[in-house]
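Have a look at the structure below, then the notes.
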Amino acid sequence: MPELPEVETIARSLSQGKGTGFSVVGQKIEGVSILWERSIATPSAVKFKQRIQGQTIREVGRRGKYIVMSLSSDTLLFHLRMSGDLHTKSAAVQDGEETVGKHDRVIFFLHNGQRLIFEDARKFGRIWLLANPQDELGDLGPEPLSEAFTADRFHNMLQSSKRPLKPLLMDQTFLAGLGNIYTDEALFKAKLHPLIPANQLGVEQAATLFKAIRETLLEGIRRNGASIDWAYRGGDFQNHFFVYGRKGDVCFICGTPIERIVVGQRGTHFCPTCQKTTIER
DNA sequence: CACGTCACCTGCGTGC
DNA sequence: TGCACGCAGGTGACGT
């Protein structure tokens with residue numbers, strides 16, 4: 001579940017207790033069970049357990065696709081990558097046995113008896129415990145929904161690269177939070193072909209793309225993210241895709257079949273009529 | 001430096 | 001039913 005809107009949805013749910021009625025904020029971490037060691041990026045599993053024990057969760061937020069948990073003295077970061085999920089669960093003891101889900105990788109035991117569970121079928125996700133979160137987050141590009149990110153600034157950023165739009169927008173050091181789905185959807189909304197070199201966009205096209213990116217992300221958040229395949233989490237945005245996963249189906253705007261090409265190893269969906277490779281100014 | 005390729009993993013849908 | 005294959009929301013380490 002992993003682009004900005006899904007991560008934002010999860011962070012909010014943990015912070016506000018939406019759905020569970022239980023917030024992790026204010027909870028002390030009593031212990032940790034690490035079921036797949038490689039889920040812990042740093043420090044070592046042993047040090048991770050020692051250092052986190054007894055720390056209290058002060059705040060839950062998001063930076064790019066990372067969930068950021070401020071603890072008493074450190075910061076806990078989660079990256080869900082392709083198949084990760086993070087949720088709370090009430091004490092899962094049955095007949096004296098702790099029940100463990102098939103894809104549970106790390107379980108945090110909280111003071112009130114609840115568990116914070118990091119689940120991850122494909123094991124690509126990672127968790128960091130850091131004194132300074134900037135060690136990991138330092139290279140991220142701007143937050144697309146922040147006030148500091150403006151159309152002018154975006155235009156300048158685009159001018160400094162001749163890379164095709166699709167891989168550039170997915171580069172987290174360029175802009176933090178877009179992934180494969182939201183990039184395809186935003187480019188469709190802006191009527192821009194994924195292979196257009198970034199520096200070909202004029203001020204107007206940059207502003208159009210800027211607006212499309214923000215609107216697409218906001219709609220994703222409003223719909224609690226997208227839930228596709230087996231990683232269902234209650235989001236609804238998957239029912240409102242214009243191009244993603246719609247290869248061969250007709251474009252809702254013009255009726256042309258949606259095409260799928262591969263760009264940078266990623267399936268890329270677009271409407272060949274609505275999204276031209278060339279720009280008229 | 002920019003770009004392409006592979007590696008990391010498991011699960012699901014499809015077609016034979 | 002079994003099995004091979006392609007595909008999947010991401011990124012980091014390589015190579016040229």
Side-chain angles (χ1 to χ4, degrees), chain A residues 1-11 35-42 62-67 77-87 101-106 118-128 135-141 144 158 160-188 194-195 197-199 213 216-217 219-221 223-248 258-269:
Chain A
M1 312 251 339
E3 299 179 47
L4 187 155
E6 290 76 29
V7 177
E8 178 70 22
T9 301
I10 292 170
L35 303 162
W36 181 254
E37 284 214 10
R38 297 178 66 182
S39 293
I40 309 294
T42 193
R62 178 193 58 74
R63 173 75 173 99
K65 298 177 194 171
Y66 290 82
I67 290 167
L77 300 179
F78 296 85
H79 198 302
L80 307 175
R81 295 280 173 92
M82 295 286 264
S83 59
D85 194 3
L86 189 62
H87 60 93
K102 187 180 179 192
H103 300 125
D104 292 359
R105 305 303 179 200
V106 180
F118 175 71
E119 184 187 348
D120 186 15
R122 292 177 72 180
K123 302 177 174 173
F124 289 165
R126 291 292 180 267
I127 303 173
W128 294 256
D135 291 353
E136 177 63 26
L137 306 177
D139 289 338
L140 288 177
L158 291 168
S160 68
S161 174
K162 50 187 191 337
R163 292 173 69 185
L165 290 173
K166 166 91 179 203
L168 182 65
L169 292 176
M170 288 185 64
D171 181 343
Q172 303 299 297
T173 67
F174 178 78
L175 188 63
L178 286 178
N180 206 37
I181 292 177
Y182 291 88
T183 300
D184 282 3
E185 293 297 318
L187 286 171
F188 174 81
L195 296 180
N199 61 5
I213 288 170
T216 304
L217 291 173
E219 187 189 353
I221 292 171
R223 299 190 182 280
N224 296 317
S227 314
I228 62 178
D229 298 338
W230 32 278
Y232 183 71
R233 251 199 87 87
D236 180 46
F237 190 54
Q238 71 280 7
N239 298 319
H240 303 271
F241 293 160
F242 280 88
V243 288
Y244 183 81
R246 298 197 61 245
K247 176 189 173 184
I258 300 301
E259 286 186 15
R260 178 184 182 276
I261 57 175
V262 175
V263 181
Q265 321 299 119
R266 310 305 302 276
T268 297
H269 315 75

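Numbers restart at 1 for each chain; the letters A, B, ... are given by sequence-line order, proteins then strands.
Separation of the C1' atoms belonging to B:dC3 and C:dG9 is 23 Å when rounded to the nearest angstrom. Taking atom P on both nucleotides, B:dC9 is separated from C:dC14 by 15 Å, rounded to a whole Å.
For the pair A:Phe124 and B:dC8, the ring geometry qualifies as stacking, because the centroid separation is below 5.5 Å while the planes lie within an angle under 30°.
The phosphate of B:dC9 (OP1 or OP2) has no side-chain N or O of A:His103 nearer than 4.0 angstrom. At least one side-chain nitrogen or oxygen of A:Lys102 sits closer than 4.0 Å to the OP1 or OP2 atom of B:dG11. OP1 or OP2 of B:dC3 has at least one side-chain nitrogen or oxygen of A:Arg163 nearer than 4.0 Å. Under 4.0 angstrom from either OP1 or OP2 of B:dT5 there lies at least one side-chain N or O belonging to A:Gln265.
Legend: residues meeting side-chain contact (heavy atoms from CB on, under 4.5 Å) with A:Ser160, ordered by chain and number and at least two apart, are absent. Looking at residues two or more places apart in sequence or on another chain, you find no ring-ring contact (aromatic ring centres under 6.0 Å, His included) involving A:Phe118. Annotation: side-chain contact (heavy atoms from CB on, under 4.5 Å) contacts of A:Thr9 (sequence neighbours excluded): A:Asn224. With sequence neighbours excluded, no residue forms a ring-ring contact (aromatic ring centres under 6.0 Å, His included) with A:Phe174.
For the residue pair A:Glu185 / A:His240, no side-chain donor-acceptor distance below 3.5 Å is found, with atom types taken as modelled. For A:Tyr182 and A:Glu6, the side-chain atoms include at least one donor-acceptor pair closer than 3.5 Å.
Atom CG in A:Leu80 sits about 16 Å away from atom C1' in B:dC8, given to the nearest Å. Rounded to whole angstrom, the span from the NZ atom of A:Lys247 across to the P atom of C:dC7 amounts to 8 Å. Atom-to-atom, CD1 of A:Ile40 to P of B:dC8 comes out at 20 Å; the value is rounded to the nearest Å. Atom C1' of nucleotide C:dG10 and atom CD1 of A:Ile228 are separated by 13 Å, given to the nearest angstrom. B:dA7 atom C1' lies 13 Å from atom CE of A:Met82, rounded to whole Å.
Among B:dC9, B:dC3, C:dG9, the nucleotide with an atom closest to any side-chain atom of A:Pro2 is C:dG9. The listed nucleotides are C:dG9, B:dC9, C:dC7; the one nearest the side chain of A:Arg260 is C:dC7.
Between the CZ atom in A:Arg266 and the CD1 atom in A:Ile181 there is a gap of 9.5 Å [rounded to 0.5 Å].
A:Tyr182 comes within contact range of no nucleotide atom at all, as no heavy-atom separation falls under 4.0 Å.
Between A:Leu169 and A:Leu187, the closest side-chain pair of non-hydrogen atoms falls below 4.5 Å.
What you find for A:Arg81 and A:His79 is that their closest heavy atoms are N-ND1, 3.0 Å.
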- In dot-bracket notation, what is the pairing pattern of DNA chain C, taking Watson-Crick (N1-N3 plus N6-O4 or O6-N4) and G-U wobble (N1-O2 and O6-N3) contacts under 3.5 Å, with [ ] crossing and | for other strands? .|||||||.|||||||
Could you run down the sub-3.5 Å N/O contacts of the protein with nucleotides 11-16 of chain C?
{"residue": "C:dT11", "atom": "OP1", "partner": "A:His79", "partner atom": "NE2", "Å": "2.9"}
{"residue": "C:dT11", "atom": "OP2", "partner": "A:Lys65", "partner atom": "NZ", "Å": "2.9"}

